[in-house]
Amino acid sequence: MPGLPWIPAYVGLGSNLDEPVKQVKAALAALGELPDSILVSCSTLMQSAPLGPPAQPDYINAVAGLLTQLPPLDLLDGLLGIERRRGRDRSAGIRWGPRRIDLDLLVYGNEILATERLIVPHPGIASRNFVLFPLLELAPTLWIPGLGQVRQLAAMVDQQ
């Protein structure tokens, strides 16, 4: 899209089913194919305990940095499309349950947005070590709108 600004965006990735490392890497490759977007960075893959119901496997998590010309809801639609193509069924309705792939739009430029479909910055970003530590690796001085700097937020969460 000529003339539109490039917006930095950060996406959280997670998987704990069907070879999670493979799932996260495949989703990263798909992020690199989003229209009007460039995948510019990816954190190390990290293992974390699940937030949700017990008796599910640990997660593999990462954060990807993009530059995009897509509006936030179009970027969200792109992320949901990747999830569907990778076999994610959101209709099951189990919050924090096991999943093949999960993509969350964490930060979109300096935007603060709260709609029925999308909240950015992601509402759990300041309390989730499995998001903050990969984000710290990529962008320690990134300012999360309304919350503070990644480095400061990461210092306040559990180091496990």
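- Here Ser41 contributes atom OG and Leu28 contributes atom CG; the two are 10.0 Å apart, rounded to the nearest 0.5 Å.
- For the atom pair CD1 of Ile144 and CG of Leu106, the computed distance is 8.0 Å after rounding to the nearest 0.5 Å.
- For Asp18, the CG atom counts as densely surrounded, since its 6.0 Å shell holds more than 12 non-hydrogen atoms of other residues, nucleotides or ligands.
- Between Arg128 and Phe133 there is no side-chain heavy-atom pair separated by less than 4.5 Å.
- Looking at heavy atoms from C-beta onward, Met46 lies out of side-chain contact with Phe130 at the 4.5 angstrom threshold.
- Taking OG of Ser15 as the start and CD1 of Ile60 as the end, the distance is 8.0 Å to the nearest 0.5 Å.
- The side-chain heavy atoms of Arg99 and Tyr59, taken from C-beta on, include a pair separated by under 4.5 Å.
- Pairing each heavy atom of Pro50 with each of Pro57, the nearest pair is CG-O, 3.8 Å.
- Of the inter-residue distances, the one linking Ile82 atom CD1 with Asp102 atom CG reads 12.0 Å to the nearest 0.5 angstrom.
- Put simply, Leu80 and Leu17 are part of two different groups of oily side chains (I, L, V, M, F, W, Y) that touch within less than 4.5 Å, one to the next.
- A pairwise comparison of heavy atoms in Asn61 and Gly14 identifies ND2-CA, 3.6 Å as the closest pair.
- The closest side-chain heavy-atom distance from Gln149 to Thr141 is below 4.5 Å.
- No hydrogens or angles considered: nothing links the side chains of Ser37 and Gln69 as a donor-acceptor pair under 3.5 Å.
- Taking OH from Tyr108 and CD1 from Ile7, the interatomic distance works out to 5.0 Å, rounded to the nearest 0.5 Å.
- Put simply, the side chain of Val131 does not reach to within 4.5 Å of the side chain of Tyr10, judged on heavy atoms.
- Of the candidates Leu75, Leu70, Leu76, Leu73 forms a side chain to side chain contact (heavy atoms under 4.5 Å, CB included) with just one, namely Leu76.
- What you find for Glu83 and Leu103 is that their closest heavy atoms are OE2-N, 2.7 Å.
- Ile125 has its side chain within reach of Leu135: a pair of non-hydrogen atoms, C-beta onward, lies under 4.5 Å apart.
- The minimum heavy-atom distance linking Ala126 with Leu153 is given by the pair CB-CD2, 4.2 Å.
- Criterion: ILVMFWY side-chain heavy atoms under 4.5 Å apart, direct or through other members. Under it, Leu136 and Leu147 are part of a common hydrophobic cluster.
- Here the CZ-CD distance, from Arg100 to Glu19, works out to 10.0 Å after rounding to the nearest 0.5 Å.
- Cluster annotation: Val107 is not connected to Ile119 through the hydrophobic network of ILVMFWY side chains, with a link wherever side-chain heavy atoms come within less than 4.5 Å.
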- For Thr44 and Glu137, what are the C-alpha separation, side-chain angles and deciding distance, and is it a side chain to side chain donor-acceptor pair (under 3.5 Å)? CA-CA 8 Å; Thr44 304; Glu137 183 183 319; 2.8 Å; yes
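- Between Val24 and Ala62, the shortest heavy-atom contact is CG1-CB, 4.2 Å.
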- Chi angles and distances behind the side-chain contact (heavy atoms from CB on, under 4.5 Å) call for Val11, Asp104: CA-CA 5 Å; Val11 175; Asp104 291 321; 5.9 Å; no
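- No side-chain heavy atom of Asp74 sits less than 4.5 Å from a side-chain heavy atom of Asp36.
- Ser48 places none of its side-chain heavy atoms less than 4.5 Å from the side chain of Asp58.
- The cluster map of Ile, Leu, Val, Met, Phe, Trp and Tyr, joined by side-chain heavy atoms under 4.5 Å apart, puts Leu79 and Leu67 in different clusters.
- Pairing each heavy atom of Val63 with each of Pro134, the nearest pair is CG2-CB, 3.6 Å.
- If you chain together hydrophobic residues whose side chains sit under 4.5 Å apart, Leu105 and Trp6 never meet in one group.
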